[in-house]
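Heads up: the structure comes next, in structure tokens.
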Amino acid sequence: MTGNQSTRLILVVEDSMDDYAAMQRAFAKAGLINPIVHCQLGEEALDYLFARNRFEDRGELPALILLDLNLPGIDGFEVLKQVKSDPELRRIPVIVLTTSSDERDIARCYLSGANTYVCKPVDLSGLIRAVGELKQYWFEIAVLPRGNEA
């Protein structure tokens, strides 16, 4: 990977403030210090992504998206579909991080282009372990494209 991995932006799309707070604690415990943009709604996430896509001077696209499925209004399935349908956004890895272990949801996400599907651990120690493993893979092993480069 080129550049400093800890400066790569992560977009977290999570409607539950309790789950988001737990994620922030897990990020800190796992040593993940990347800048985070948090969107509570699918519509908010799409507005953020497509505005950044249209106006390159507004900043770098996220290196990674952590996406909950069960969002009010525009749900995670629709966010995933729109991200993976856009020529500029589809290269961003999307990790679905959700409570659903339903095989239909898993299949639907992978068919729509999800890069990884993770069932949210029920306790903080499990979440810390999961975030640590995601950090290791996506920011230490995998090579991700830089922001607005083709």
Side-chain angles (χ1 to χ4, degrees), residues 1-16 18-46 48-50 52-53 60-72 74-150:
M1 173 185 302
T2 59
N4 185 348
Q5 68 186 17
S6 65
T7 63
R8 305 296 301 276
L9 180 72
I10 299 172
L11 174 62
V12 176
V13 187
E14 172 59 65
D15 64 318
S16 165
D18 289 338
D19 285 355
Y20 179 65
M23 258 190 263
Q24 287 181 301
R25 288 192 300 275
F27 291 162
K29 292 273 188 187
L32 189 68
I33 59 171
N34 299 61
I36 306 292
V37 170
H38 175 224
C39 294
Q40 285 187 269
L41 302 173
E43 181 178 3
E44 182 184 0
L46 291 172
Y48 175 83
L49 289 164
F50 282 95
R52 293 217 176 280
N53 189 22
E60 190 174 305
L61 290 168
L64 193 69
I65 299 171
L66 297 177
L67 177 65
D68 186 20
L69 290 181
N70 303 312
L71 303 169
I74 296 175
D75 65 15
F77 292 109
E78 183 61 24
V79 172
L80 176 63
K81 178 182 166 192
Q82 288 193 39
V83 167
K84 293 303 183 176
S85 296
D86 183 88
E88 293 297 318
L89 299 177
R90 71 173 145 223
R91 69 176 182 256
I92 302 170
V94 177
I95 298 171
V96 174
L97 188 60
T98 188
T99 56
S100 175
S101 59
D102 186 313
E103 288 295 325
R104 293 169 296 189
D105 290 345
I106 296 167
R108 184 176 171 194
C109 284
Y110 280 115
L111 287 171
S112 296
N115 298 88
T116 304
Y117 191 104
V118 177
C119 292
K120 285 183 192 172
V122 293
D123 61 358
L124 185 58
S125 64
L127 186 59
I128 292 168
R129 187 173 44 259
V131 166
E133 290 173 7
L134 289 171
K135 173 191 174 233
Q136 181 180 13
Y137 179 76
W138 288 104
F139 288 103
E140 296 172 16
I141 296 172
V143 178
L144 299 175
R146 289 296 300 169
N148 296 325
E149 296 170 7

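Counting from 1, the numbers follow the sequence of the chain as shown.
- Between Ile141 and Gln136, the closest side-chain pair of non-hydrogen atoms falls below 4.5 Å.
- The OG atom of Ser16 lies 6.0 Å from the NZ atom of Lys120; values are rounded to the nearest 0.5 Å.
- The main-chain N or O of Tyr117 is found under 3.5 Å from a side-chain atom of Tyr110 such that the two form a donor-acceptor pair.
- Thr116 has its side chain out of reach of Tyr137: every pair of non-hydrogen atoms, C-beta onward, lies at least 4.5 Å apart.
- Considering only residues two or more places apart in sequence or on other chains, Ile36 meets the side-chain contact (heavy atoms from CB on, under 4.5 Å) condition with Ile10, Val12, Tyr20, Phe27.
- Annotation: Glu44, atom CD; neighbour count of heavy atoms from other residues, nucleotides and ligands within 6.0 Å is above 12.
- In this structure, Asp19 and Asp68 have side chains that are not in contact, with every pair of non-hydrogen atoms separated by 4.5 Å or more.
- What you find for Ala26 and Leu127 is that their closest heavy atoms are CB-CG, 3.8 Å.
- Counting heavy atoms from C-beta outward, Val79 and Ile65 have side chains that stay 4.5 Å or more apart.
- Under the 4.5 Å side-chain criterion, counting only non-hydrogen atoms from C-beta, Leu124 is not in contact with Lys29.
- Under the rule for a side-chain contact (heavy atoms from CB on, under 4.5 Å), the partners of Asp75 that lie at least two apart in sequence or sit in another chain are Phe77, Glu78.
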### Query
Which is it for Ser100 and Asp102 under the side chain to side chain donor-acceptor pair (under 3.5 Å) test, yes or no, and what are the steps along the way?
CA-CA 5 Å; Ser100 175; Asp102 186 313; 5.3 Å; no
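- Smallest separation of non-hydrogen atoms from Asn34 and Arg8: ND2-O, 2.8 Å.
- Atom NZ of residue Lys135 and atom CG of residue Leu64 lie 13.5 Å apart, to the nearest 0.5 angstrom.
- Among the candidates Thr98, Leu80, Val94, the single residue satisfying the side-chain contact (heavy atoms from CB on, under 4.5 Å) test with Cys109 is Leu80.
- Atoms CG and CG, on Asp105 and Leu69 in that order, are 6.0 Å from each other to the nearest 0.5 Å.
- With rounding to the nearest 0.5 angstrom, the CG atom of Leu134 is 4.5 Å from the CD1 atom of Ile95.
- Minimum interatomic distance between Leu97 and Met23 (heavy atoms only, all atoms of both residues): CD2-SD, 3.9 Å.
- Between Leu67 and Gly76, the shortest heavy-atom distance links the atoms CD2-O, 3.3 Å.
- Using a distance-only test at 3.5 Å, with no hydrogens or angles considered, no donor-acceptor pair links the side chain of Lys84 to the main chain of Arg91.
- Here the shortest heavy-atom pairing between Pro93 and Asn115 reads CA-OD1, 3.1 Å.
- In terms of the salt bridge (charged side-chain N to carboxylate O under 4.0 Å, His left out) criterion, Asp15 has no residue partners (sequence neighbours excluded).
- Annotation: the span from Ile128 atom CD1 to Leu32 atom CG amounts to 12.5 Å, rounded to 0.5 Å.
- Between Asn70 atom CG and Glu14 atom CD the span is 9.0 Å, to the nearest 0.5 Å.
- By the 4.5 Å heavy-atom criterion applied to side chains, Pro62 and Val37 are not counted as neighbours.
- Scanning all heavy atoms of the two residues, the minimum distance from Ala130 to Pro121 falls at CB-CG, 4.0 Å.
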